[in-house]
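Notes follow the structure.
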Amino acid sequence: MSKRSGRAALARALRRLEPPPRVVDWAIAVAVAVEVASGLYSFTRGTPSGAWVFWLHSTVGLTLAGLVGFKLYRVRRRVTSTAAWDRFTPLSVLQAVVTLAALGTGVFWVLGGNVPVLAWTTLNLHVGLGLLLVPLVLWHLRGRFHSPRDVDLDRRAALRTGALLVAGTVVWRATETADRALGGATRRFTGSKPTGDLYDTETEGGGFPVTSWVADDPDPVDRDDWTLSVRGLVEEELALPYDEVAGNGPTREVEATLDCTSGWYTHQTWGGVRVGDLLDSAGASDDARYVRFTSVTGYRWSLPIEEAHDALLATHVRGDPLSHGHGAPVRLVAPGRRGFQWVKWVESMEVRKRGDPMQWLVTLISGFE
Ligand SMILES: Nc1nc2c(c(=O)[nH]1)N[C@H]1C(S)=C(S)[C@@H](COP(=O)(O)O)O[C@H]1N2
Ligand SMILES: [Mo]
């Protein structure tokens, strides 16, 4: 087949598969919304029962790639001839670039790639680009808005859009299989990779990176000056010095996986005191529903009380007392939760009736003056 007739055949095939323009445009907006929502929601999923949200994210992401392909093919002349540019075109081009970069970094990460930029993994970059799409898409809709009522979603258009979604699923399954065959199966369902794949930590005896979510960086906490305060809905408030928390060595050891949303995980043996034992000593009241753990920096997270019972306030990791960077004297170990919820440098444990929606904001701004 000559080059020209090959291209004509491709154009014909694309035309046959292409959903109508308005359907493509709205499907892109919906897909981006689904990606941002599922991406953010995935930050809260740390157990395999939450794996579906990662599947959804991958499948819709690949479908979005197909939609963007159709879109770019359709508008190619409007972009390549600058005479056709209007004041919204530069922003549209920027949006296309950011979308492709967000998709590209996501796929690259899944296929085993990582090109760190300063402290950022490629997964961090993927998240940043994805969030950048929110204002860009809203802006784009403002400039090029077509009412959803104009969307000509007849049976055929619905079938074609559905076919794209199926294609997205097939490609996703295929990459998963290929990845497993190529030995990339060390990725967790969250997308995180073993620390040793990303950082040169294995040489330090199974160490793992010290990270802050945003800006927390306190001075080392003096174990002798520190007490753990247990308060709130309890019969008796406690202020426990380090020796009473750590005792003659940890009273409990737990194996748990620390899985950071920047894309690494580490499996460690943590030693410390079971939160349930502390709750029993203090005597939690009947209407207690949550336990909130707060760091010396103000950073905090709450767990439902049943879950808190089985969590650990760790003083040790791999048999050694925690280092400052990993949260000494005491950090929260919350199995099944993502890394950012494992509060470091804990100084108080508060039994409460309600959860704490503000904790989301606080984890982002703690550490700033
Ligand atoms: N007080 C406080 N605790 C924190 C953080 C933080 O910034 N401040 N970062 C969290 C994040 S995002 C992760 S992944 C883990 C990292 O623990 P590590 O530094 O021991 O590896 O701690 C969590 N606990
Ligand atoms: Mo993290």
Side-chain angles (χ1 to χ4, degrees), residues 39-40 42-46 109 114 116 118-128 188 190-202 204-221 226 228-229 254-272 292-303 311-350 356 358-369:
L40 289 177
S42 78
F43 275 14
T44 68
R45 300 294 92 186
W109 177 263
N114 180 40
L118 303 176
W120 279 36
T121 61
T122 297
L123 189 62
N124 287 132
L125 198 61
H126 171 71
V127 173
R188 285 190 91 207
T190 58
S192 294
K193 303 171 187 179
T195 38
D197 286 7
L198 300 175
Y199 301 93
D200 192 14
T201 50
E202 301 296 86
E204 295 161 32
F208 55 100
V210 164
T211 24
S212 273
W213 175 224
V214 180
D216 263 12
D217 185 20
D219 290 332
V221 181
W226 172 94
L228 175 69
S229 143
V254 168
E255 293 213 355
T257 304
L258 171 54
D259 183 340
C260 174
T261 47
S262 43
W264 55 265
Y265 72 86
T266 184
H267 195 71
Q268 301 286 349
T269 306
W270 307 89
R292 178 163 82 181
F293 301 87
T294 307
S295 170
V296 297
T297 64
Y299 190 106
R300 62 193 199 222
W301 203 262
S302 314
L303 298 176
L312 191 76
L313 279 176
T315 51
H316 288 66
V317 63
R318 275 177 289 125
D320 292 325
L322 286 179
S323 63
H324 165 61
H326 290 309
V330 161
R331 81 168 312 155
L332 179 63
V333 168
R337 295 279 181 160
R338 299 302 294 273
F340 72 92
Q341 295 158 323
W342 293 34
V343 184
K344 300 195 280 193
W345 313 292
V346 171
E347 67 172 1
S348 82
M349 198 181 113
E350 199 183 335
D356 177 15
M358 285 302 282
Q359 67 194 6
W360 289 96
L361 181 64
V362 172
T363 58
L364 299 177
I365 62 175
S366 67
F368 290 106
E369 292 296 296

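When a residue number appears, it is its place in the shown sequence, counting from 1. A quick note: this is a predicted structure, and the numbers were derived from the prediction, not measured. Order of appearance sets the numbers: ligands from 1, and atoms from 1 within every ligand.
Contact annotation for Thr261 and ligand 1: no heavy atom of the residue comes within less than 4.0 Å of the ligand. Contact annotation: for Ser366 versus ligand 1, there are no heavy atoms closer than 4.0 Å. With a heavy-atom cut-off of 4.0 Å, Ser212 touches ligand 1 through backbone and side chain alike.
Below 3.5 Å of separation, one finds no N or O of Trp264 facing any N or O of ligand 1. For ligand 1, the polar-atom distance check against Arg331 finds a nitrogen or oxygen pair separated by under 3.5 Å. Looking at Phe208 next to ligand 1, no N or O pair under 3.5 Å apart turns up.
Under the side-chain contact (heavy atoms from CB on, under 4.5 Å) rule, Leu313 has a single partner from Val333, Leu228, Val343, which is Leu228.
Ranking protein heavy atoms by distance to atom 21 (O) of ligand 1, first place goes to Pro209 O, 2.6 Å. Remark: minimum distance from atom 8 (N) of ligand 1 to any protein heavy atom is reached at Asp216 OD2, 2.9 Å. The protein heavy atom nearest to atom 23 (C) of ligand 1 is Gly339 O, 3.2 Å. When hydrogens are left out, the protein atom nearest atom 19 (O) of ligand 1 is Lys344 NZ, 2.5 Å; that is the closest non-hydrogen contact.
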Assess whether ring pair (Phe, Tyr, Trp, His ring centres under 6.0 Å) is satisfied between Phe340 and Trp301, documenting all intermediate values.
CA-CA 9 Å; Phe340 72 92; Trp301 203 262; 5.4 Å; yes
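In this structure, Gln268 CD and Phe208 CZ are separated by 5.0 Å, a value rounded to the nearest 0.5 Å.
Residues Ala311 and Leu303 come closest through the heavy atom pair CB-CD1, 4.0 Å. Smallest separation of non-hydrogen atoms from Ser366 and Asp216: OG-OD1, 2.9 Å.
Taking only non-hydrogen atoms, the option from Trp301, Trp342, Trp345 nearest to atom 24 (N) of ligand 1 is Trp342.
The shortest heavy-atom distance from Gly327 to ligand 1 is not under 4.0 Å.
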